[in-house]
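Notes to accompany the following structure.
Just so it is clear: chains get the letters A, B, ... in the order the sequence lines come, proteins before strands, and each one is counted from 1.
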Protein chains: 2
Amino acid sequence: MSNSDDAPVRESPVPLSECGAALAIDQIPDRWTWLILREMFYGVSRFADIQTDIGIPKSVLSGRLAQIVENGLVKKEAYRDGSARTRYAYVLTQKGRELVPVILALMQWGDKHIKNGESALELTDKRSGNPVKIGVVPKGGALPLRWVTYKPVWDKKQADGSS
Amino acid sequence: MSNSDDAPVRESPVPLSECGAALAIDQIPDRWTWLILREMFYGVSRFADIQTDIGIPKSVLSGRLAQIVENGLVKKEAYRDGSARTRYAYVLTQKGRELVPVILALMQWGDKHIKNGESALELTDKRSGNPVKIGVVPKGGALPLRWVTYKPVWDKKQADGSS
DNA sequence: TCATCTGAGTTTGACATTTGAACTCTGCTC
DNA sequence: GAGCAGAGTTCAAATGTCAAACTCAGATGA
């Protein structure tokens, strides 16, 4: 909202209850919820895997999962590991998957401003192989998400220094 | 990360400490921080204005502002209202302004999935006047943010019903 | 000179949430 | 039928949130 050198804005032009951003924030209100969605974006779907991956207390994970399932971002799916008993995996719904651009935009920002331009994930157009990013486009001009390929390029050497 | 019908992902390919998204989330960890940034996106910059606009307790606002100033998302700028004493406004830095695509992506998601497609803010390309959105683009193919014009289209009738 | 006002905080103390550890529950598998 | 593992639930202590009251500083007025 460039208001340049005029009178200051004293109130947002859109109240919280009418603002898509504010309403979205209400469905992803805290750090844990964001990190859980990040895990699912990466394909991690089991309770215990998410728990150890991001270091969240089980009690909190259980509560947050219930919330995002209730909000329809994630659904619980039965799976069976080998011949063991049925367990549940948490996977993004269509609604949840459409948050991916938000996560990618955050990642892009973090890579630029916190990691000094070093990205840990390469995004390319599956058809052309050309790199892609998140940005402003004319309506109808965006590439479909399903054409995007993700390739981790995290350099283990940095953390590891192994022989 | 489409892993289709193979073995499940048991661990994210990028650890939290190397993931731009996770690092970004650490700088905007809660609802209040998001809402404060939303206010600044809309141009609301004064302590008291932000406070009443989003209904945040003063003590919490004061703490959150200190955090985002320390993280460099926002800077404190002196202003003088009429002949009153110098006071401070909080405005986005370049780093903060580059979060705008994230906020817009959230807004787009909220408009689609919570407001059933009703947007309260129209985004257009300042040059052509054509509508724009946030999406995946070939690298280098995005429109610069400064070409985007924001126009509130919130329909007061809905909340108001005035004569 | 002194009292008052206003924006921007800080302090306070009651209340709510988060944390991590210990416990439970449920069906395997041996 | 004992042991195991994943997915929770329960609990007390630490931490964070809330609203109201208080502070502070400089302009303004009497």
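- For residues 10-35 of chain A, the set of pairs meeting the ring-ring contact (aromatic ring centres under 6.0 Å, His included) definition, not counting sequence neighbours, comprises Trp34(A)-Trp34(B).
- Put simply, the side chain of Tyr42(A) reaches to within 4.5 Å of the side chain of Pro13(B), judged on heavy atoms.
- Every residue two or more places apart in sequence or in another chain was checked for a side-chain hydrogen bond (donor to acceptor under 3.5 Å, both in side chains) with Thr124(B), and none qualifies.
- Following rounding to the nearest Å, Leu61(B) (CG) and dA8(C) (C1') show an atom-to-atom distance of 10 Å.
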Please list, pair by pair, any protein nitrogen or oxygen found under 3.5 Å from a nitrogen or oxygen in nucleotides 19-21 of chain C.
unit_1, atom_1, unit_2, atom_2, d
dT19(C), OP1, Trp32(A), NE1, 3.3
dT19(C), OP2, Trp32(A), NE1, 3.0

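- Partners of Arg146(A) according to the salt bridge (Lys or Arg N to Asp or Glu O under 4.0 Å) rule, which considers only residues two or more places apart in sequence or in another chain, do not exist here.
- Identified under the salt bridge (charged side-chain N to carboxylate O under 4.0 Å, His left out) test for residues 39-53 of chain A, with sequence neighbours left out: Arg46(A)-Asp81(A), Asp49(A)-Arg10(B).
- Residue pairs meeting the salt bridge (charged side-chain N to carboxylate O under 4.0 Å, His left out) criterion with at least one member in residues 58-69 of chain A, sequence neighbours excluded: Asp30(A)-Arg64(A).
- For Ser128(B), the side-chain contact (heavy atoms from CB on, under 4.5 Å) partners are Asp125(B), Asn130(B), not counting sequence neighbours.
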Check: residues 88-98 of chain A side-chain donor-acceptor pairs under 3.5 Å, at least two apart:
unit_1, atom_1, unit_2, atom_2, d
Thr93(A), OG1, Gly72(A), O, 2.6
Thr93(A), OG1, Leu73(A), O, 3.1
Thr93(A), OG1, Lys95(A), N, 3.4
Thr93(A), OG1, Gly96(A), N, 3.1
Gln94(A), OE1, Arg97(A), NH1, 2.8
Gln94(A), NE2, Glu98(A), OE2, 2.6
Lys95(A), NZ, Gln27(A), OE1, 3.3
Lys95(A), NZ, Asn71(A), O, 2.8
Glu98(A), OE1, Lys112(B), NZ, 2.8
Glu98(A), OE1, His113(B), NE2, 2.7
Glu98(A), OE2, Lys112(B), NZ, 3.2

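- The base of dA7(D) lies outside donor-acceptor range of the side chain of Arg87(A), with no N or O pair under 3.5 Å.
- Taking every heavy atom of residues 44-54 of chain B and every atom of DNA chain C, pairs under 4.0 Å involve Phe47(B), Ala48(B), by number.
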